[in-house]
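What follows is a single structure, written as structure tokens, with notes after it.
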Amino acid sequence: MNNTQPIGFIDSGVGGLTVIKEAMKQLPNENMIYLGDTARCPYGPRPAEQVVAYTWEMTRFLMKQGIKMLVIACNTATAVALEEISKELPIPVIGVIASGTRAAVKATKNQQIGIIGTVGTVNSQSYEQAIKSRVASATVFSLACPKFVPLVESNQTNSPIAKKIVAETLQPLQNKKIDTLILGCTHYPLLRPIIQNVMGKDVQLVDSGAETISEVSMLLDYFSLVSLNTPEPGKLVCYTTGSTKMFDEIANTWLERTDIQSKQIQLGDA
Ligand code: DGL
């Protein structure tokens, strides 16, 4: 294994770019390949078997590009496919749920933790189980927010409609006395200022995707896979199954770049 081989990141759409942003900060020497299955986004409402099948299609595409590690930068896919994929791949595979759980358990003072995610992630109860297995006395409030991902994918994260939808959707969490809220979908950090505003400054938001990069960094060390002393910063190559125009607009704004030009690929029935 050559350490300059890229790390692969997959998501149902642009959400995993929130993980890439943190990776670019913590791991600037690493080459990275990102694949967003935008044409089939959202994964959240889909049956688990379909999400597993789509995640495998993305994984196979990136394996052909010679990745040295795979990050499933999608909570919905992590919840249903991480175990199977990590067993079968010859490279390290990392999901986003364990890191988010650890960060939330560390952050909470009153053991009242909220988790927002897609219908798939919430129904899987993955966060709930992971938190409870560490802190049995914790109370976990889970809430599916199916309207959030379409706002992000259509680049409407600052719109008045986004503010209205976020405020209405998070209403059920308002009187739960949570002091920590897990953003259990990698799309949600793009709505972070609005979410923080609605929940109030006393609620600590945990960005599972960003937390995952500390684990990626640790595992690169553990497996001696770190790309060290490269003459230039690492490169980011992006693929999408959907519109490159919309993808590039969101990617360049979010990552504060101007040079990202994604390539369109086709996967399965996408
Ligand atoms: N970004 C994804 C997640 O973290 C899923 C969004 C979706 O496709 O529903 O769960």
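Read the numbers this way: they start at 1 and go in the same order the structure lists the ligands and their atoms.
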Checklist entry - CG/Asn29 to CG/Leu220 distance, rounded to the nearest 0.5 angstrom? => result 11.0 Å

Checklist entry - Which ligand 1 atoms, with their elements, are less than 4.0 angstrom from a heavy-atom of Val149? => result 6 (C)

Next on the checklist: salt bridge (Lys or Arg N to Asp or Glu O under 4.0 Å) for Glu83 and Lys87? Distances and angles first, verdict last.
Outcome noted: CA-CA 6 Å; Glu83 204 181 322; Lys87 260 188 213 144; 3.5 Å; yes

Item to check | Test item: Leu205 and Arg192 side chains (from C-beta on) under 4.5 Å apart, heavy atoms | outcome: yes

Item to check | Atoms in ligand 1 flagged as close to Gly44, the criterion being non-hydrogen separation under 4.0 Å | outcome: 7 (C), 8 (O), 9 (O)

Next on the checklist: Need the ligand 1 atom indices (1-based, order shown) with element for anything under 4.0 Å from a heavy-atom of Thr76.
Outcome noted: 3 (C), 5 (C), 10 (O)

Checklist entry - Does Asp179 offer a backbone N or O that forms a donor-acceptor pair with the side chain of Lys109 under 3.5 Å? => result no

Checklist entry - Considering Gly100, Pro42, Cys74, which one's heavy-atom position lies nearest to atom 2 (C) of ligand 1? => result Cys74

Next on the checklist: Tell me the contacting part of Thr186 for ligand 1: side chain, backbone, both, or neither, using a 4.0 Å heavy-atom threshold, strictly below.
Outcome noted: both

Checklist entry - Using heavy atoms and a threshold below 4.0 Å, how should the contact between Thr118 and ligand 1 be classified: side chain, backbone, both, or neither? => result side chain

Item to check | Which segment of Ser12 sits under 4.0 Å of ligand 1 when only heavy atoms are counted | outcome: side chain

Item to check | Per-atom contacts of ligand 1 with Tyr43, taking only distances under 4.0 Å to non-hydrogen atoms | outcome: 7 (C), 8 (O), 9 (O)

Item to check | Top protein contact for atom 3 (C) of ligand 1, by heavy-atom distance | outcome: Asn75 N, 3.2 Å

Checklist outcome for this item: The answer for which part of Asp11 has a heavy atom under 4.0 Å from ligand 1 is side chain

Next on the checklist: Less than 4.0 angstrom from a charged side-chain N to a carboxylate O is my criterion; do Glu168 and Lys164 meet it?
Outcome noted: yes

Item to check | Electrostatic pair Arg46:Glu49 at N-O distance under 4.0 angstrom | outcome: no

Checklist entry - Considering only the protein, which heavy-atom contact is closest to atom 1 (N) of ligand 1, and what is its distance? => result His187 ND1, 2.7 Å

Item to check | Side-chain ion pair, Arg40 and Glu57, N-O less than 4.0 Å | outcome: yes

Item to check | Main-chain N/O of Leu225 paired with Lys68 side-chain donor or acceptor, under 3.5 Å | outcome: yes

Next on the checklist: Below a 4.0 angstrom heavy-atom separation, can you tell me which part of Cys41, side chain or backbone, both or neither, approaches ligand 1?
Outcome noted: side chain

